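Heads up: the structure comes next, in structure tokens.
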Protein chains: 2
Amino acid sequence: MKNEDQPKDKRLKPGDAQKLTMAEVAKYVGVSAMTVSRAFRQDASVSEETRKRIMEAVDALGYVLDLSAGSLSSRRSGFIAALVPSINNSNFSDTARGITDALENTGLQLLLGYTDYAAEKEEELIEAMLRRRPEGIILTGGSHTARARRMLAKAGIPVVETWELPEDPINHVVGFSNSEAMALLVRALASQGYQKFGYIGGTTARDTRGSQRRSGFQKAVEELGLGPGRMISFGVPPITMEQGGQAIVSLLERWPDTEVVLCVSDLSAFGAIMECKRRGMKVPGDIAIAGFGDYEISSICHPSITTINVDCYGIGRQAAARLLDALQGSGEATGDEIILTGYRVVLRESTGRSAAR
Amino acid sequence: MKNEDQPKDKRLKPGDAQKLTMAEVAKYVGVSAMTVSRAFRQDASVSEETRKRIMEAVDALGYVLDLSAGSLSSRRSGFIAALVPSINNSNFSDTARGITDALENTGLQLLLGYTDYAAEKEEELIEAMLRRRPEGIILTGGSHTARARRMLAKAGIPVVETWELPEDPINHVVGFSNSEAMALLVRALASQGYQKFGYIGGTTARDTRGSQRRSGFQKAVEELGLGPGRMISFGVPPITMEQGGQAIVSLLERWPDTEVVLCVSDLSAFGAIMECKRRGMKVPGDIAIAGFGDYEISSICHPSITTINVDCYGIGRQAAARLLDALQGSGEATGDEIILTGYRVVLRESTGRSAAR
DNA sequence: CTGTCGAGTGTTATCGATACCATAATGTCG
DNA sequence: CGACATTATGGTATCGATAACACTCGACAG
């Protein structure tokens with residue numbers, strides 16, 4: 001038991017919660033700290049023999065690399081920040097998973113934050129994230145406070161906005177037009193003969209994707225000459241299943257002859273359908289209902305729900321890929337790029353003109 | 001335009017993506033860097049006047065604090081790590097949200113990771129997290145690899161295990177007995193007169209909570225003298241809605257006279273119910289089905305689903321609170337504590353003995 | 001009038017790893 | 001066989017903030 005170099009008078013138990021440093025590992029092996037540092041990186045030139053000895057020592061001592069020290073000197077935090085409106089929404093958690101998967105084996109770690117659909121919260125989070133000096137940042141949507149935009153510009157890191165097509169993109173975009181997608185759904189249903197369209201969505205413009213969907217709905221209905229759509233706003237986004245149920249009640253009270261109702265998301269659509277069934281209405285017999293987002297529930301439930309399928313996971317993967325790209329060829333080649341992700345109408349039982357199977 | 005101290009030959013544009021340091025802010029204001037550092041912390045003693053001038057300068061220059069530098073010298077990373085099996089599962093995302101909320105205004109940031117229900121993945125993630133020197137860590141469940149346990153012990157930070165009651169807790173625990181909860185559900189249904197019990201869950205012991213629920217089921221059924229339960233294992237956890245549907249088909253093929261089926265989660269229960277309805281069976285008329293977890297869908301869908309309500313959000317909040325406590329009174333008072341969180345049977349339509357409303 | 005106190009501020013030495021440059025040892029080729 | 005790569009390694013400065021301690025200055029007690 002050698003005890004030649006204990007720093008002061010501190011504990012020196014066998015495998016205690018010591019803070020071990022690279023230097024100590026180095027001394028143990030008989031090399032310099034620099035060599036230990038190199039051994040931890042795959043590219044660096046260290047002989048196989050030495051690396052093996054170092055790694056054995058690391059194991060024996062239970063040393064764990066300290067990235068916070070490393071990132072200070074290397075000026076690379078190893079973080080990617082991502083902000084999503086909510087993690088409880090499976091669309092966004094799919095996106096988060098896409099990002100995580102794309103980051104695997106890149107040595108980059110995800111720092112995740114929830115904005116609760118609020119731009120001010122987003123601003124706060126952006127600042128909190130930037131304090132960790134992320135190498136890139138992924139945002140949801142295209143509306144940000146002025147200060148948020150300023151901070152992002154100043155940070156000088158690649159930014160990817162997702163899930164929308166912002167009018168004034170900061171940098172890169174991976175998304176699709178929510179209004180076009182909703183319009184496509186309107187047209188698909190109109191071509192099945194539906195004429196009296198209703199819409200259920202959340203209040204206010206907090207959820208920009210929601211309001212884009214609504215305006216896409218409105219525009220498409222008018223273009224088809226089907227008069228103004230019947231629209232109910234209900235609750236603060238994100239609308240829950242329960243609110244979907246309440247909303248359809250209001251809508252049908254006001255416009256009892258509505259033939260088909262489009263909802264801002266599958267969740268509200270599901271709530272609406274269940275409420276109808278509870279009241280003895282047949283879906284799609286008495287009323288047709290469609291959603292948006294193609295959540296798992298929509299293909300399983302009975303009746304299955306017509307919806308717009310969005311590649312949530314792919315949005316995450318591509319956003320992260322775009323970021324990695326930008327970090328690779330970091331040579332000022334700020335080739336801002338807009339990547340359109342696909343979506344498609346998925347017709348299911350809830351809007352079936354003939355009886356459901 | 002002063003240009004007295006440009007380091008080398010680099011760009012020096014007005015508000016460009018420069019890396020600003022505290023020292024530069026300090027020089028701008030005419031104080032020392034230390035004072036700027038103090039101005040950023042609420043407790044430190046800086047005159048109101050000076051602090052105001054500093055913050056104005058920070059704003060004007062667009063300076064953003066660099067926490068990675070700060071955490072190196074202060075030896076406090078400001079991170080709390082949390083590992084959950086999956087973020088796409090709303091039970092766990094509720095827990096994550098509980099943690100996030102509890103951390104608000106503490107200056108601590110959440111580092112989240114997904115283990116995919118795999119102990120090896122958890123081990124990897126624990127190492128990745130520890131490299132960031134988190135001040136505490138929250139885990140899901142009580143099974144960890146030996147190396148993971150070693151690393152955690154060595155790290156010397158408080159650990160909270162959640163969602164279960166581990167046999168051999170590392171440190172703190174915030175959870176409940178999954179087997180007891182499932183047994184309670186069995187007894188509640190037995191008291192309604194059900195006798196022939198079936199069970200649907202995932203394969204293998206990857207999902208320890210799942211296997212605890214299964215054994216709780218088995219034990220309760222036997223204790224009630226209802227013979228061995230009829231159990232179907234289907235798919236790798238987490239079981240999807242679709243797999244729930246497939247599983248109930250197998251179960252009913254094998255044991256057509258089953259009266260009630262308990263599922264490892266509401267999601268599989270929902271899939272099972274929908275599949276039954278698709279096949280023209282009445283739920284609960286022809287068969288009763290119950291889930292576990294009380295997901296939003298279960299109270300909304302038709303029939304609504306009998307389940308065990310678990311305080312997912314509360315588990316997160318309490319786990320974080322426990323951690324904060326441990327960090328406060330960090331004076332070695334490692335009062336390891338086991339906090340039991342509540343759960344309760346929620347009887348709904350899917351197991352109603354009389355016809356659903 | 002001297003000594004003590006405390007609020008406000010500055011100076012210096014780190015924190016733990018890595019960038020950068022230097023050096024020793026081993027080839028390698030005309 | 002000498003000049004020159006190439007590989008493996010070490011030494012030192014440094015990343016940007018903060019801990020720890022020192023200092024200044026006015027207030028106030030004795």
Side-chain angles (χ1 to χ4, degrees), chain A residues 7-8 10 18-55 57-58 61-79 107 130-135 155, chain B residues 5 7-8 10 18-55 57-58 61 63-79 107 130-135 155:
Chain A
K8 272 155 201 156
K10 287 289 186 148
Q18 240 70 303
K19 51 207 71 154
L20 226 43
T21 77
M22 241 178 209
E24 300 174 62
V25 176
K27 183 182 293 184
Y28 184 92
V29 180
V31 296
S32 74
M34 198 59 238
T35 303
V36 176
S37 171
R38 288 187 181 110
F40 270 100
R41 288 169 293 182
Q42 75 294 37
D43 60 307
S45 74
V46 183
S47 73
E48 247 347 286
E49 151 71 8
T50 312
R51 167 173 280 134
K52 212 183 92 221
R53 274 173 44 226
I54 291 175
M55 285 316 176
V58 164
L61 298 173
Y63 170 72
V64 176
L65 193 57
D66 186 335
L67 289 181
S68 51
S71 57
L72 181 58
S73 56
S74 67
R75 256 74 99 52
R76 301 199 45 219
S77 68
F79 281 125
L130 291 181
R131 289 182 169 188
R132 299 289 183 178
R133 299 291 187 268
E135 303 181 30
Chain B
D5 50 56
K8 273 156 202 157
K10 286 290 184 146
Q18 240 71 303
K19 52 208 71 156
L20 227 44
T21 77
M22 238 178 209
E24 300 175 60
V25 176
K27 182 183 293 183
Y28 183 92
V29 181
V31 296
S32 74
M34 197 61 235
T35 304
V36 176
S37 171
R38 289 188 180 110
F40 270 100
R41 287 169 293 181
Q42 75 293 38
D43 60 307
S45 76
V46 182
S47 72
E48 246 348 285
E49 150 70 7
T50 312
R51 169 174 277 134
K52 211 183 93 222
R53 274 172 44 227
I54 290 175
M55 284 316 175
V58 163
L61 298 173
Y63 171 72
V64 175
L65 193 57
D66 186 335
L67 289 181
S68 50
S71 58
L72 181 59
S73 58
S74 68
R75 256 74 99 50
R76 302 198 44 219
S77 68
F79 280 126
L130 290 181
R131 289 181 169 190
R132 300 289 183 180
R133 299 291 187 266
E135 303 181 30

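Each chain gets a letter, A, B and so on, in the order the sequences are listed, and its residues count up from 1. Only heavy atoms go into these numbers, but all of them, side chains included; no hydrogens, no water, no symmetry mates. Because the structure is a prediction, the values reported are computed rather than measured.
- A search for salt bridge (charged side-chain N to carboxylate O under 4.0 Å, His left out) contacts involving A:R38 returns nothing, not counting sequence neighbours.
- For A:A33 against A:M22, the heavy-atom pair with the smallest separation is O-SD, 4.0 Å.
- If you measure from atom CG of A:L20 to atom C1' of C:dA17, you get 14 Å, rounded to the nearest angstrom.
- Rounded to whole angstrom, the span from the CZ atom of A:R51 across to the P atom of D:dT9 amounts to 10 Å.
- For the side-chain hydrogen bond (donor to acceptor under 3.5 Å, both in side chains) test, residues two or more places apart in sequence or in another chain that qualify with B:S68 are B:D66.
- Regarding contacts with the backbone of D:dA17, a side-chain N or O of B:Y63 is found under 4.0 angstrom from either OP1 or OP2.
- End-to-end axis angle of the helix from C:dC1-D:dG30 to C:dG30-D:dC1, from C1' rotation axes over five pairs per end: 40° (rounded to 10 degrees).
- Under the rule for a side-chain hydrogen bond (donor to acceptor under 3.5 Å, both in side chains), the partners of B:S47 that lie at least two apart in sequence or sit in another chain are B:T50.
- Contacts of B:S32 classified as side-chain hydrogen bond (donor to acceptor under 3.5 Å, both in side chains), with partners at least two apart in sequence or in another chain: B:T35.
- Under the salt bridge (charged side-chain N to carboxylate O under 4.0 Å, His left out) criterion, B:E24 pairs with no residue at all, not counting sequence neighbours.
- Rounded to a whole Å, the CZ atom of B:R133 is 9 Å from the C1' atom of C:dG16.
- The B:S47 side chain lies nearest to C:dG8 when the options are C:dG8, D:dT9, C:dC15.
- With rounding to whole Å, A:L72 atom CG is found 4 Å from D:dC15 atom C1'.
- Note: NZ (B:K19) to P (D:dC15) measures 11 Å, nearest angstrom.
- Shown here are the salt bridge (charged side-chain N to carboxylate O under 4.0 Å, His left out) partners of A:R131, two or more places apart in sequence or in another chain: A:E127.
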Enumerate the protein-to-nucleotides 18-21 of chain D contacts in which both atoms are nitrogen or oxygen and the separation is below 3.5 Å.
from, atom 1, to, atom 2, distance (Å)
D:dT18, OP2, B:S37, OG, 2.0
D:dT18, O5', B:S37, OG, 3.4
D:dT18, O4', B:S73, OG, 2.5
D:dA19, OP2, B:R41, NH1, 3.0

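- Heavy atoms of A:T35 sit under 4.0 angstrom from primed sugar atoms or phosphate atoms, though from no base atom.
- Distance, B:E48 CD to C:dG8 P: 9 Å, rounded to whole Å.
- OP1 or OP2 of C:dG16 lies within a sub-4.0 Å distance of a side-chain N or O belonging to B:R75.
- We find that CZ of B:R76 is positioned 23 Å from P of D:dG16, with the value rounded to whole Å.
- Contact detail for A:G62 and A:L20: the closest heavy-atom pair is C-CD2, 4.3 Å.
- Applying the side-chain hydrogen bond (donor to acceptor under 3.5 Å, both in side chains) test to B:R41 and every residue at least two apart in sequence or in another chain returns B:S37.
- Contact annotation: A:S45 side-chain N/O to D:dT9 OP1/OP2 distance is not under 4.0 Å.
- Atom-to-atom, CD1 of A:I54 to C1' of D:dG10 comes out at 12 Å; the value is rounded to the nearest Å.
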